[in-house]
K.L.:
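Could you have a look at this structure, given as structure tokens, before my questions?
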Number of protein chains: 2
Amino acid sequence: MSSDSDRQCPVDGDIDQQEMIPSKKNAVLVDGVVLNGPTTDAKAGEKFVEEACRLIMEEVVLKATDVNEKVCEWRPPEQLKQLLDLEMRDSGEPPHKLLELCRDVIHYSVKTNHPRFFNQLYAGLDYYSLVARFMTEALNPSVYTYEVSPVFLLVEEAVLKKMIEFIGWKEGDGIFNPGGSVSNMYAMNLARYKYCPDIKEKGLSGSPRLILFTSAEGAAPFLVCATSGTTVLGAFDPLDEIADICERHSLWLHVDASWGGSALMSRKHRKLLHGIHRADSVAWNPHKMLMAGIQCCALLVKDKSDLLKKCYSAKASYLFQQDKFYDVSYDTGDKSIQCSRRPDAFKFWMTWKALGTLGLEERVNRALALSRYLVDEIKKREGFKLLMEPEYANICFWYIPPSLREMEEGPEFWAKLNLVAPAIKERMMKKGSLMLGYQPHRGKVNFFRQVVISPQVSREDMDFLLDEIDLLGKDM
Amino acid sequence: MSSDSDRQCPVDGDIDQQEMIPSKKNAVLVDGVVLNGPTTDAKAGEKFVEEACRLIMEEVVLKATDVNEKVCEWRPPEQLKQLLDLEMRDSGEPPHKLLELCRDVIHYSVKTNHPRFFNQLYAGLDYYSLVARFMTEALNPSVYTYEVSPVFLLVEEAVLKKMIEFIGWKEGDGIFNPGGSVSNMYAMNLARYKYCPDIKEKGLSGSPRLILFTSAEGAAPFLVCATSGTTVLGAFDPLDEIADICERHSLWLHVDASWGGSALMSRKHRKLLHGIHRADSVAWNPHKMLMAGIQCCALLVKDKSDLLKKCYSAKASYLFQQDKFYDVSYDTGDKSIQCSRRPDAFKFWMTWKALGTLGLEERVNRALALSRYLVDEIKKREGFKLLMEPEYANICFWYIPPSLREMEEGPEFWAKLNLVAPAIKERMMKKGSLMLGYQPHRGKVNFFRQVVISPQVSREDMDFLLDEIDLLGKDM
């Protein structure tokens, strides 16, 4: 048909095209395209989805979570390009070829669900959020107006309300968005908007020079950003003391609790965020320790004067008509910098429904207890050295191979130790036995950062981690 | 266990806790939490996922795409809150209760896959992208470093390369991100960065006052944003003429082709974007007409001096270590304003592999041929009035009920006509027979905007659309 695409074919009622399309009575052609009936083969499509679901179930849900499988099947970029058929061609591939491709994608992907994936601030498999995520993909909603996303908007409202309760505010507002960085950007924009409400009309040039922290430069301080759970060390700022200063100087207090916010679920550990109820805004990512799936990030705002909407509304006429037949206060899309927006609250909601608040609390408690166990084991073992006592689930430590153990801790020692973590990391990736991050930080040479999250992880995995690092590094 | 959570239980090798946990030999307790073995019941979780997948297959993939089913099961917000069990409680719900919840969520959600969902710039079900999206959710990757997302980073590279080819650039760069608005923000930041490379250090206060369009105010113009496919009317700016002006004045030309970019896949229709190869950056969302699933949005940049990285890099030590054992140029995370980022290129890649370039071209051609058909039908029917000849797949029209057909087109006529579309929309939502958007725009009173996308849609659905609007509105 596409060879015919340049021929203009006037529409003139029903054209008899029996010679071209014998099976179609009353076929209608426009620009050489037959318009009758849907053109997709639903049966074949459904069969493909079913077969792929079986593959995903076997190769990811079952196998990728199996501690006896490899965490990754490492290939360097140029080699992996050769192994995968990445090229997009003029003609499509048949279903069996596509299923092979799916199998390859899974095979060479890192198994972030694996009990020995400790590389990032997310890990493990939550069956409930996974189901919610499958539903999201199948329903393909966009969350901006009640008429197209009635359920997902109500779910977001319910989840935000509950998160606000855990922060300790009486009321508030919020929005799920694609990442902690975006949440922090929202907070800065809101604080700036509150400080300079005419910024939407006048732009930045009409505003005084703003800065984030107090200073004596003649600039106007407007926001303090505190962190609850830093990325590398898992450190928590003293929120109460910072809130005192903010109150005194009328500064917006934003708390980046993207990583540490989940401690609020635990009666035992929420003291890490003591004072958070005094914040003006909070970033909190349930896709991290609460395993809601990437991405699930909320920006929560104490203000109830509809600041999000005032700051971000663009009043798109095609979405936010004011003459709708329902209560348009449920059309929350004008609070967002995005237009299309995924229903990320839903997957967290499903997990929360499944586990209950107590189940989420237990997860946090267990992750932090496992962290405690690992710290104590590190202290006992020769060749392992803690960077600092952790406050949270980040355990930062050096592995000191036998050849360095007797050396004085001078410049040569540190220069040599700096090479150890990258070299062990290379070996563990190539072996595929576990994944663990390393980095230098604030003058400290390369050290490992172990992050404990998933309830699939056990004390045995902690022991394995230390044994394996020793095994991989003892000849260095 | 949680009642025990305040008791500090020292770790002292293996503690015999046979009384508490009779089945566990050598149980280790920390802070009252047993650390042995994983605590999730994998079998039960897998069973839940399997049952939910069957439900999704039946109720969404099969039923929600059936033209004989309703597009939506409308309930006003307060009533829907009563029908759904939204509350998150201390204790979790059993699997059968969760499956009921899933069924309710599906039942009351809008079926954006339905052949008669014409409400937004996305619609329909693509079986291939759906499979890719299920895989994404199961694998739960974040795309920032090669070590954690080897396959997805290579796929993104391949897809960007191909999209750049269709724009007509010899080379370029790009990034998938969560939405056209975010793409546009990227473009403005890049243009600004190129104009004021010290903006990252000095901030906006150190820069001249910038504006987006030329003016005589003494400000510094730096960017022109053209649109290929506006949201309401589907209008295309004359890119070649705009590019002439930009070239003459050394302005960055950004083209927002979020909606219209997909016409580039069609040899017949790509002339709508004639001149796009002269742009400095392009926003293009394959989740719209190419049905890749929300969200799938690329910002493409002609510059090859690594502008994205220069503009956005934060050089996080825990991700972008320079002493890694592989080619770190594959760690593209420092090009992004996000840290965690979803592998959105992958779902578009899967569809492209399945259909081939020719299959994607056929989809675009068919959607535009169906639009053409609808326009011609509107012209023939009494009571329907086109707003304008469409350039693309947005067909904007008024329905004029019999009571207004003889009236002169004066202020009273327009005031009355303004009430018609909202009233018909209410009736169609409550009946659930189709979904179609309406809005006022640039002095025109409320009109319908019909968007044709999906290959599941046929000429019969176009006829139904007009019949149904007439049926719902003829007594007005």
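Chain letters run A, B, ... following the sequence lines, proteins first and then strands; every chain starts at 1. Reckoned from all heavy atoms, side chains included, excluding hydrogens, waters and symmetry mates.
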K.L.:
Between B/D85 and chain A, with a heavy-atom cut-off of 4.5 Å, which part of the residue counts as in contact: side chain, backbone, both or neither?
P.N.:
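Contact with chain A is through both the backbone and side chain of B/D85.
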K.L.:
Measure A/C102 against the heavy atoms of chain B and call it side chain, backbone, both or neither at under 4.5 Å.
P.N.:
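Contact with chain B: backbone and side chain both.
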K.L.:
Examine distances only and state if a side-chain atom of A/E361 and a backbone atom of A/R267 form a donor-acceptor pair shorter than 3.5 Å.
P.N.:
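Here the side-chain-to-backbone pair exists.
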K.L.:
Establish, from distance only, whether the side-chain atoms of B/N285 and B/Q295 form a donor-acceptor pair under 3.5 Å.
P.N.:
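No donor-acceptor contact under 3.5 Å links the two side chains.
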K.L.:
Looking at the rings of B/W74 and A/F325, which for Trp means the six-membered one, are their centres under 6.0 Å apart?
P.N.:
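Judged by ring-centre distance (under 6.0 Å), B/W74 and A/F325 do meet the cut-off.
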K.L.:
Against chain A, label B/M185 side chain, backbone, both or neither, depending on which of its atoms sit under 4.5 Å from a heavy atom there.
P.N.:
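Contact with chain A: side chain only.
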K.L.:
Where on A/N177 is there a heavy atom nearer than 4.5 Å to chain B: the side chain, the backbone, both, or neither?
P.N.:
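It is neither, since no heavy atom gets under 4.5 Å.
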K.L.:
Given heavy-atom pairs under 4.5 angstrom as the criterion, report whether the side chain, backbone, both or neither of A/Y330 touches chain B.
P.N.:
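It is the side chain, since no backbone atom gets that close.
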K.L.:
Can you tell me how far the CG atom of A/L355 sits from the CG atom of B/D90, to the nearest 0.5 Å?
P.N.:
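Between A/L355 CG and B/D90 CG, I get 12.5 Å after rounding to 0.5 Å.
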K.L.:
Just verifying a value: how many Å separate A/F346 CZ and A/F152 CZ, rounded to the nearest 0.5 Å?
P.N.:
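These two atoms lie 5.0 Å from each other.
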K.L.:
Which heavy atom in B/M350 sits nearest to a heavy atom in B/Y128, and how many Å separate them?
P.N.:
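Result for this residue pair: CG-O, 3.3 Å.
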K.L.:
If you tally heavy-atom pairs under 4.5 Å against chain A, which of B/V457, B/T112, B/T136 wins?
P.N.:
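Looking at each option in turn, the highest pair count goes to B/T112.
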K.L.:
Which one, A/V60, A/L121, A/L319, leads in non-hydrogen pairs under 4.5 Å with chain B?
P.N.:
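Sorted descending by pairs with chain B, the first entry is A/V60.
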K.L.:
Counting only heavy atoms closer than 4.5 Å, note whether A/N140 contacts chain B via side chain, backbone, both or neither.
P.N.:
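Contact with chain B involves both backbone and side-chain atoms of A/N140.
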K.L.:
Is chain A contacted by the side chain of B/T231, its backbone, both, or neither, given a heavy-atom distance below 4.5 Å?
P.N.:
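For B/T231, side-chain heavy atoms alone lie under 4.5 Å from chain A.
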K.L.:
Using non-hydrogen atoms and a 4.5 Å limit, figure out which bit of B/L154 sits close to chain A: side chain, backbone, both or neither.
P.N.:
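Backbone plus side chain of B/L154, per the 4.5 Å heavy-atom cut-off to chain A.
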K.L.:
Is A/L84 in contact with chain B via its backbone, its side chain, both, or neither, using a 4.5 Å heavy-atom distance?
P.N.:
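The answer is the side chain of A/L84.
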K.L.:
A/N446 and A/K425: side-chain hydrogen bond (donor to acceptor under 3.5 Å, both in side chains), yes or no, with the steps?
P.N.:
CA-CA 11 Å; A/N446 279 322; A/K425 176 79 180 240; over 6 Å; no
K.L.:
Where does B/L153 contact chain A at under 4.5 Å (heavy atoms): side chain, backbone, both or neither?
P.N.:
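Neither part; nothing is under 4.5 Å.
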K.L.:
Determine the minimum heavy-atom distance between B/P150 and A/V110, stating which atoms define it.
P.N.:
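Minimum heavy-atom separation between B/P150 and A/V110: CD-CG2, 3.9 Å.
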K.L.:
Measure A/V49 against the heavy atoms of chain B and call it side chain, backbone, both or neither at under 4.5 Å.
P.N.:
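For A/V49, the contact with chain B is made by backbone and side chain together.
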K.L.:
Counting heavy-atom pairs closer than 4.5 Å to chain B, which one of A/A316, A/P77, A/P422 comes out on top?
P.N.:
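Among A/A316, A/P77, A/P422, the one with the most close pairs to chain B is A/P77.
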K.L.:
Mind ranking B/S181, B/S91, B/S454, B/P115 by heavy-atom pairs under 4.5 Å with chain A and telling me who comes out on top?
P.N.:
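Heavy-atom pairs under 4.5 Å are most numerous for B/S91.
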K.L.:
Mind listing the closest non-hydrogen atom pair of A/N36 and B/R366 along with its distance?
P.N.:
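For A/N36 versus B/R366, the nearest heavy atoms are O-NH2, 3.8 Å.
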K.L.:
Can A/Y438 and B/D323 be counted as having a side-chain donor-acceptor contact under 3.5 angstrom?
P.N.:
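A donor-acceptor contact under 3.5 Å links the two side chains.
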K.L.:
Report the distance from atom CD1 of B/I294 to atom CD of A/E137, rounding to the nearest 0.5 Å.
P.N.:
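Answer for the CD1-CD pair, B/I294 versus A/E137, is 9.5 Å.
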K.L.:
Do B/R449 side-chain atoms and B/N119 backbone N/O form a donor-acceptor pair below 3.5 Å?
P.N.:
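Yes, B/R449 side chain to B/N119 backbone: donor-acceptor pair under 3.5 Å.
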K.L.:
Could you grab the distance from atom OG of B/S266 to atom CG of B/L368, nearest 0.5 Å is fine?
P.N.:
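It is 7.0 Å, given to the nearest 0.5 Å.
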K.L.:
Taking side chain as everything from C-beta outward and backbone as N, CA, C, O, which of these in B/V232 sits under 4.5 Å from a heavy atom of chain A? Side chain, backbone, both or neither.
P.N.:
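Interface part for B/V232: side chain.
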K.L.:
Side chain from CB out, backbone as N, CA, C, O: work out which of these in A/K97 comes under 4.5 Å of a heavy atom of chain B, or both, or neither.
P.N.:
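Neither; nothing under 4.5 Å.
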K.L.:
Given heavy-atom pairs under 4.5 angstrom as the criterion, report whether the side chain, backbone, both or neither of A/Q321 touches chain B.
P.N.:
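The side chain, not the backbone.
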K.L.:
Counting heavy-atom pairs under 4.5 Å to chain A, which of B/K81, B/M429, B/E59 comes out on top?
P.N.:
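If we count pairs closer than 4.5 Å to chain A, B/K81 comes out on top.
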K.L.:
With ring centroids as reference points, do B/F134 and A/F134 lie under 6.0 angstrom apart?
P.N.:
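Yes: the rings meet the under 6.0 Å criterion.
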K.L.:
Find the distance between NZ (B/K268) and CG (A/D31) and round it off to the nearest 0.5 Å.
P.N.:
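It comes to 4.5 Å.
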K.L.:
Relative to each other, are the rings of B/H287 and B/Y122 parallel, tilted or perpendicular (30° and 60° limits)?
P.N.:
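Correct class here is perpendicular.
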K.L.:
Among B/P141, B/P178, B/C72, which has the most heavy-atom pairs under 4.5 Å with chain A?
P.N.:
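Result: the option with the highest number of such pairs is B/P178.
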K.L.:
Working to the nearest 0.5 Å, report the span between OG1 of A/T39 and CZ of B/R363.
P.N.:
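Going from OG1 on A/T39 over to CZ on B/R363, the span is 8.0 Å.
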K.L.:
Side chain, backbone, both or neither: which part of A/M435 has a heavy atom under 4.5 Å from chain B?
P.N.:
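Just its side chain gets close to chain B.
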K.L.:
Contact part of A/Q120 toward chain B, heavy-atom cut-off under 4.5 Å: side chain, backbone, both or neither?
P.N.:
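When you check distances to chain B, only side chain atoms of A/Q120 fall under 4.5 Å.
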K.L.:
Do you know which of A/V182, A/L62, A/L125 has the most heavy-atom pairs with chain B at a distance under 4.5 angstrom?
P.N.:
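Of A/V182, A/L62, A/L125, A/L62 has the most heavy-atom pairs under 4.5 Å with chain B.
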K.L.:
For each of B/A52, B/P455, B/G179, tally heavy-atom pairs with chain A at distances under 4.5 Å, and name the one with the top tally.
P.N.:
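Heavy-atom pairs under 4.5 Å are most numerous for B/P455.
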K.L.:
Select, from B/E87, B/H441, B/M462, the one with the greatest count of heavy-atom pairs under 4.5 Å involving chain A.
P.N.:
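Greatest number of close heavy-atom pairs with chain A: B/E87.
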K.L.:
Between A/D104, A/D126, A/I106, which residue shows the highest count of heavy-atom pairs closer than 4.5 Å to chain B?
P.N.:
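Option with the top pair count is A/I106.
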K.L.:
A/L80 versus chain B, heavy atoms under 4.5 Å apart: side chain, backbone, both or neither?
P.N.:
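The answer is both parts of A/L80.
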K.L.:
Which residues pass the ring pair (Phe, Tyr, Trp, His ring centres under 6.0 Å) test with B/Y108, not counting sequence neighbours?
P.N.:
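Scan of B/Y108 (ring pair (Phe, Tyr, Trp, His ring centres under 6.0 Å), adjacent residues dropped) gives none.
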K.L.:
Under 4.5 Å heavy-atom distance to chain A, tell me which part of B/V148 shows up: side chain, backbone, both or neither.
P.N.:
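Contact with chain A involves both backbone and side-chain atoms of B/V148.
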K.L.:
Quick test of your reading of the model: are A/E426 and A/K430 salt-bridged, counting only N-O distances below 4.0 Å?
P.N.:
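Judged by the 4.0 Å cut-off on N to carboxylate O distance, A/E426 and A/K430 do form a salt bridge.
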K.L.:
Under 4.5 Å heavy-atom distance to chain A, tell me which part of B/A354 shows up: side chain, backbone, both or neither.
P.N.:
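Both backbone and side chain.
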K.L.:
Checking heavy atoms, do the side chain of B/L130, its backbone, both or neither come under 4.5 Å from chain A?
P.N.:
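Only the side chain of B/L130 comes within 4.5 Å of chain A.
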K.L.:
Nearest heavy-atom pair of B/L35 and A/E460: which atoms, and what distance?
P.N.:
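Scanning both residues completely, I find the closest heavy atoms to be O-OE1, 4.2 Å.
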K.L.:
Heavy-atom cut-off 4.5 Å, strictly under: side chain, backbone, both or neither for A/K324 against chain B?
P.N.:
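For A/K324, heavy atoms of backbone and side chain both lie under 4.5 Å from chain B.
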K.L.:
Quick check on B/V159 against chain A: is it the side chain, the backbone, both or neither that has a heavy atom closer than 4.5 Å?
P.N.:
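Both backbone and side chain.
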K.L.:
Under 4.5 Å heavy-atom distance to chain A, tell me which part of B/L419 shows up: side chain, backbone, both or neither.
P.N.:
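Answer is neither: B/L419 stays 4.5 Å or more from chain A.
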K.L.:
Heavy-atom distance under 4.5 Å to chain A: side chain of B/M57, backbone, both or neither?
P.N.:
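The side chain, not the backbone.
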K.L.:
Chain A heavy atoms under 4.5 Å from B/P76: which part of the residue, side chain, backbone, both or neither?
P.N.:
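Backbone only.
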K.L.:
Counting only heavy atoms closer than 4.5 Å, note whether B/A42 contacts chain A via side chain, backbone, both or neither.
P.N.:
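For B/A42, heavy atoms of backbone and side chain both lie under 4.5 Å from chain A.
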K.L.:
Which bit of A/L86 comes within less than 4.5 Å of chain B, counting heavy atoms only: side chain, backbone, both or neither?
P.N.:
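For A/L86, backbone and side chain are both near chain B.
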K.L.:
Identify the two heavy atoms, one from B/A64 and one from B/K111, that lie closest to each other, and give their separation to 0.1 Å.
P.N.:
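Between these two residues, the closest heavy atoms are CB-CD, 3.6 Å.
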K.L.:
In terms of heavy-atom proximity below 4.5 Å to chain B, should A/M88 be classed as side chain, backbone, both, or neither?
P.N.:
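For A/M88, backbone and side chain are both near chain B.
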